[in-house]
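In what follows, a single structure is set out as structure tokens and then discussed.
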Amino acid sequence: YPCDRIRNFSIIAHIDHGKSTLADRLLEVTGTIQVRGAGANQQVLDKLKVERERGITGQSLLHFLEQAQADETSVKAQTATMFHTLKNKSYLLNLIDTPGHVDFAWEVSRSMAACQGALLLVDASQGVQAQSLSVFHVAKERGLHIIPVLNKIDLPAADPERVIAQMQSMFHIDPAQVISISAKSGHGIDNVLEAIIDRIPPPPASRDAPLKALLFDSTYDRYRGVISLVSVQDGILRKNDKIVSCYSNKKYDVIDVGIMHPEEEATGVLYAGQVGYIACNMKQSSEAHIGDTLHRVGEPVAALAGFSPMKAMVFAGVFPLDNKDFLKLEESIKRLTLTDRSVTIQRESSTALGQGCRLGFLGTLHLDVFRQRLEDEYEANIIVTAPTVPYRIVYKDKTIAVSNPTDFPDPSDYGVRGCHVEEPIVRATIIVPQKYLGEMMELCSEHRAEDIDHHHIDASDTSARVILTCHIPLAEIVSDFFEKLKSRSSGFASFDYEEAGYKQSDLSKMTFLLNHQPVDALAVIVHRSALDRTARTWVAKLKKVIPRQQFEVPIQAAVGRKVLARETLSAYRKDVTAGLYGGHYERKMKHLENQKEGKKKMKKIGKVDLPQEAFFDILGST
Ligand code: GDP
Ligand code: MG
């Protein structure tokens with residue numbers, strides 16, 4: 001296939017607008033996969049029910065896991081090559097998958113670097129949502145040709161005119177260009193294929209130039225190691241080629257190469273303009289750098305622009321419930337990172353929690369998903385410390401990055417050493433029906449948002465929606481912001497954000513003391529405006545969770561030497577069985593037995609006996 005018969009595109013959409021469904025239809029219509037009967041997804045749905053019954057935290061996570069599972073289990077909603085004939089000419093179409101969530105924005109932009117066009121899919125009943133906007137902007141910045149597609153026109157609630165008007169005003173799209181479809185029924189799919197061929201330009205590639213390939217995705221196969229997806233920008237990539245990574249300068253042998261059709265199908269060669277997989281002797285996913293440029297040994301090329309390694313934006317410590325299980329936990333973490341290259345790992349030790357790992361994630365959703373997978377893999381509960389964003393401590397002569405509260409300087413250091421703290425800021429976009437605007441502005445203000453601005457999307461009527469933008473500290477949205485946003489807008493608000501640099505901020509480290517001894521694992525970074533509230537709520541919470549001791553235990557929250565809140569845990573009566581009525585012998589014995597069990601896992605902090613489980617209770621409910 002010469003370049004002019006190749007089209008590389010992706011589907012971009014807000015979650016649930018039908019990306020996977022459209023991908024499946026395209027694969028079916030082009031004969032890449034068999035048409036599946038109704039109920040083909042039964043297995044997926046059954047699996048989800050189990051998930052639901054176990055009650056994973058938060059709607060968003062649940063939803064994301066559903067997506068992840070649906071994508072894994074359904075016939076490839078992923079990167080795939082299709083063949084399609086139009087007006088007697090045969091074309092090779094490469095659908096390139098892009099991750100659906102903001103946490104993975106970096107990968108989205110890399111995947112788009114392998115495309116010349118994108119189908120912008122919008123649900124005709126939901127209208128343009130926050131993610132539709134953000135993915136549109138990324139695609140636009142990358143210079144992709146955009147084909148607007150209106151999906152779900154079969155729904156009774158579909159309002160095509162209104163949604164097309166939104167697309168026109170927000171994306172400056174000519175309404176005549178919009179293709180109306182139902183991905184579910186298959187209506188309009190042929191028009192989509194025709195538009196892909198007619199409107200998206202062929203890849204600007206040259207077969208005669210030296211090999212230059214963009215690595216834009218990778219998966220891990222237990223038997224063959226890392227499988228990378230590449231877009232050949234120039235030249236020809238063949239089996240047995242010796243290639244070099246521009247990023248690491250490491251050399252590899254191409255062991256296998258082919259197309260995704262939709263499963264791997266060896267072809268032995270990929271020509272300029274094509275997209276496919278390669279297996280080379282990469283042992284670890286961490287060697288497959290998304291955005292890396294590959295070239296042949298001895299034929300250097302300029303690396304494709306814009307590559308910088310992924311950045312972790314949310315950090316948390318992970319500890320076993322039982323200290324002796326640390327190695328097993330670390331083992332499980334390592335196994336998982338074979339398939340999730342974006343997690344960073346460091347060992348960490350805590351006086352309170354013992355040996356553990358400090359992990360870095362792309363965002364909180366990423367953290368939640370990883371945590372869930374880790375608990376499955378490790379087959380036990382784990383303790384995860386409060387998420388922290390990467391702060392910067394700016395001294396006169398240097399700036400250091402701090403992502404662990406333990407490393408945060410004491411307030412007394414500030415004055416002496418003349419430093420200040422900076423925190424990461426994001427630019428947030430919220431789209432919401434007009435009637436929730438006040439509620440949303442309040443929510444943003446409560447979370448230290450600035451530059452709050454809004455304007456209307458639709459002509460004003462009762463169901464009109466507004467788009468609200470603001471700058472907000474990343475730390476403010478890493479805990480329960482999304483859940484609050486959803487509940488306070490009755491589920492109608494959609495939300496997205498992008499990095500917007502760093503800003504000086506009045507932040508301090510708050511420590512919690514048990515019997516005057518600080519508990520390192522509980523330290524948190526708090527903004528001045530939230531000091532008192534945080535101190536009071538945490539101290540009250542600790543009092544509820546920490547078991548009584550044989551003596552009185554003061555529980556305090558402090559910044560530096562200043563105590564901001566205090567509760568006192570009164571001493572308990574020595575005889576634990578005294579409270580049991582009747583003194584039934586068996587029950588008495590059992591109780592003593594339990595107490596002994598518990599003792600084994602006790603930690604001593606400031607003479608206070610603390611079961612590791614208490615930390616699970618404390619941190620688990622944040
Ligand atoms: P994604 O999150 O963008 O991948 O969305 P999915 O493809 O998973 O679709 C989300 C939901 O919308 C699923 O329940 C689909 O069955 C449904 N859906 C997708 N396309 C259509 C359509 O054209 N009409 C109707 N009625 N439902 C659709
Ligand atoms: Mg999907």
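Whatever order the structure lists ligands and atoms in, that order sets their numbers, starting from 1. Worth knowing before you read on, the calculation uses all heavy atoms, side chains too, and leaves out hydrogens, waters and symmetry mates. Throughout, numbering of the chain's residues begins at 1 and tracks the sequence.
- Considering backbone and side-chain atoms together, K19 places an N or O closer than 3.5 Å to an N or O of ligand 1.
- For ligand 1, the atoms sitting less than 4.0 Å from at least one non-hydrogen atom of L155 are 26 (N), numbered in the order shown with element in parentheses.
- Between H84 and Y91, the distance separating the two ring centers is not shorter than 6.0 angstrom.
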Subject >> Full working for side-chain contact (heavy atoms from CB on, under 4.5 Å) between V432 and L468 >> reply: CA-CA 8 Å; V432 73; L468 186 157; 5.6 Å; no
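- The N/O atoms of G18, backbone and side chain alike, include one that comes under 3.5 Å of an N/O atom in ligand 1.
- You'll find the side chain of F83 reaches within 4.5 Å of the side chain of H261, heavy atoms only.
- Ring orientation note: the planes of Y497 and F495 are tilted relative to one another, at an angle of 30° to 60°.
- Between F361 and H366, the angle of the ring planes goes over 60°, which puts this pair in the perpendicular group of the 30/60° scheme.
- Listed by first and then second residue, the side chain to side chain donor-acceptor pair (under 3.5 Å) pairs involving residues 133-144 are S134-D496 (not counting sequence neighbours).
- Contacts between D154 and ligand 1, counted as non-hydrogen atom pairs separated by less than 4.0 Å, involve the side chain only.
- Contact annotation for A183 and ligand 1: heavy atoms of both the backbone and the side chain come within less than 4.0 Å of the ligand.
- Residue H17 touches ligand 1 through its backbone alone, judged by heavy-atom distances below 4.0 Å.
- Interface of S20 with ligand 1, defined as ligand atoms under 4.0 Å from a residue heavy atom, comprises 1 (P), 4 (O), 7 (O).
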